[in-house]
Amino acid sequence: MTALVTLGEAMAVLAADRPGPLASGTSLRLGFAGAEATVAIGVSRLGHAASWTGRVGADSAGTMILDGLRGEAVDVTRARVDDAAPTGLMLRERRTPDHTRVTYYRRGLAGARLDPEDIDPELVARARVLHVTGITPALGDGPRAAVRRAVDLARAAGVTVSLDLNYRARLWNREEAAAELTHLVTRADIVFAGPDEASLVVPEADPATMARTLLDLGPREAVLKLGARGAVAVTRGGEAVQDIVPVTPVDPIGAGDAFVSGYLAGLLDGTDLPGRLLLAATCGAFAVAAPGDWEGLPRRAELDLLHAADVTR
């Protein structure tokens, strides 16, 4: 059984390694990123079998992405190499030490061509958790239909559906996003969101109230990610609050997806609500303590590092 199945877009990334405007001679680091891919890697590093479905181009960037996921023990046998479109690209500029500017090249490219036929019903039905995000349905009609099909298959098979709202204003407007995300929330078992994202679906209020209101739409768990203020989670059986795990930040990109990977790994471990939140916060801290979206994600044996005294061994 695959513990976690996810689907979405993965892109090549060219990231500046120092602050300043992009110019001739700027040094760039090559890698890859994708919200769902990051969650799959995080869950895999914590010892649970994970599978990623998506499309990449028949190019070197696509090969790099699939090889990278395989290297993290993520199953990509259902991923598709699309001969008709190249792999998408993200250009990440550290304009100042505190501000990152991102440019995407994705429309009409391989990742945005995901289709319902790419979804393997047997793979979804055998999973313990299906994880989807609000990024994928924003990419177009095909990806939107693919997410809906995966969610329908999971619900029919009794598989837990996890949804991270992950609203991206560059991809769709708030009205369109609100309609689709509300539909997905009513079909999900676990919902993750920031307060602004949650306000697309429920009235603005304090985080705990927003989480409780999300539960009224059908999920059994709602988790509000509050950035530097930590997180709050509400279930039908109780509530829990989690502060951030202190760490010296290096790169804030990917923290939210790392948080989700830790929470879902805790769920797969059978951990209680406070334990899931602590593992989520720990994974988020590891992620921001290293460059890149997923490169800093912890392995099981490293989880105590951020909670222990600094000891040189």
Side-chain angles (χ1 to χ4, degrees), residues 5-15 30-41 51-69 74-93 101-120 123-124 130-153 162-181 183-184 187 197 200 253-254 256-257 260 293-294:
V5 170
T6 189
L7 62 143
E9 176 191 45
M11 312 171 73
V13 177
L14 286 172
L30 176 64
F32 70 91
E36 301 86 358
T38 294
V39 172
I41 291 170
S51 176
W52 177 84
T53 296
R55 293 197 189 194
V56 298
D59 47 36
S60 297
T63 299
M64 173 193 64
I65 291 169
L66 295 183
D67 285 349
L69 288 168
V74 174
D75 173 28
V76 292
T77 56
R78 277 73 172 185
R80 179 173 171 182
V81 177
D82 192 328
D83 294 325
T87 303
L89 175 66
M90 181 191 309
L91 191 61
R92 187 174 293 155
E93 173 188 17
R101 189 158 58 189
V102 180
T103 304
Y104 295 94
Y105 302 88
R106 69 193 335 164
R107 292 194 180 276
L109 302 186
R113 288 164 56 85
L114 188 70
D115 183 88
E117 295 304 313
D118 295 329
I119 308 304
D120 182 342
L123 177 69
V124 174
L130 170 74
H131 177 67
V132 297
T133 80
I135 298 172
T136 307
L139 296 175
D141 291 341
R144 189 173 307 182
V147 169
R148 286 197 172 204
R149 182 170 192 238
V151 169
D152 289 345
L153 289 167
S162 164
L163 168 67
D164 189 344
L165 297 192
N166 250 335
Y167 172 63
R168 296 292 186 267
R170 295 183 187 182
L171 293 176
W172 51 358
N173 60 46
R174 291 184 68 87
E175 292 74 20
E176 186 181 11
E180 183 64 21
L181 294 177
H183 169 78
L184 291 175
R187 307 284 286 167
E197 294 168 331
L200 290 164
I253 303 297
D257 300 317
V260 171
D293 291 58
W294 54 266

| Where is the tightest heavy-atom contact between G111 and E9, given as atom of each residue plus distance? | CA-CG, 4.0 Å

| N/O donor-acceptor pair under 3.5 Å between W52 side chain and V39 backbone | no

| request: Begin with the C-alpha distance, continue with both residues' side-chain angles, and end with the deciding distance and a verdict on side chain to side chain contact (heavy atoms under 4.5 Å, CB included) for R80 and D115. | output: CA-CA 10 Å; R80 179 173 171 182; D115 183 88; 5.6 Å; no

| For the residue pair P86 and D59, what are the closest heavy atoms and their distance? | CA-OD2, 3.4 Å

| side chain to side chain contact (heavy atoms under 4.5 Å, CB included) between L139 and L114: does it pass, once the steps are laid out? | CA-CA 9 Å; L139 296 175; L114 188 70; over 6 Å; no

| query | Minimum heavy-atom separation for G62 to T87, with atom names? | reply | N-OG1, 3.3 Å

| note | Test side chain to side chain donor-acceptor pair (under 3.5 Å), reference E36, set T6, T133, N166, output is T133

| request: Quick one: pull up CD in E176 and CG in L171 and give me the separation to the nearest 0.5 Å. | output: 10.0 Å

| Can you tell me how far CG of D67 sits from CZ of F32, rounded to the nearest 0.5 angstrom? | 9.5 Å

| query | Taking C-beta and beyond as the side chain, do L30 and M64 meet within less than 4.5 Å on heavy atoms? | reply | yes

| said: If we count only N and O atoms by modelled type, under 3.5 Å, do the side chains of D118 and T53 hold a donor and an acceptor together? | reply: no

| said: Please check if the number of heavy atoms outside N173 that lie under 6.0 Å from its CG is greater than 12. | reply: yes

| task | Taking the side chain as every heavy atom from C-beta outward, state whether L7 and V132 have any pair of such atoms under 4.5 Å apart. | result | yes

| message | In the structure I gave you, are the side-chain heavy atoms of L200 and L165 within less than 4.5 Å of one another anywhere? | response | no

| request: Would you please test V102 and L91 for side chain to side chain contact (heavy atoms under 4.5 Å, CB included) and show each step? | output: CA-CA 6 Å; V102 180; L91 191 61; over 6 Å; no

| message | Between R92 and D293, does the side chain to side chain contact (heavy atoms under 4.5 Å, CB included) criterion hold? Intermediate values first, please. | response | CA-CA 11 Å; R92 187 174 293 155; D293 291 58; 2.9 Å; yes

| task | Check for a donor-acceptor pair, side chain of R113 on one end and backbone N or O of D82 on the other, with a separation under 3.5 Å. | result | no

| note | Between R55 and A110 the two heavy atoms that sit nearest each other are CB-O, 3.2 Å

| Pick one: which of L130, L153, D120 meets side-chain contact (heavy atoms from CB on, under 4.5 Å) with V5? | L130

| note | Between the CE atom in M11 and the CZ atom in R106, the distance rounded to the nearest 0.5 Å is 5.0 Å

| query | Hey, does V151 have a side-chain heavy atom less than 4.5 Å from the side chain of L163? | reply | no

| task | Please report the shortest heavy-atom distance between L69 and A37, naming the atom on each side. | result | CD2-CB, 4.1 Å

| note | Note: R107 and R170 closest approach over all heavy atoms is NH2-O, 3.5 Å

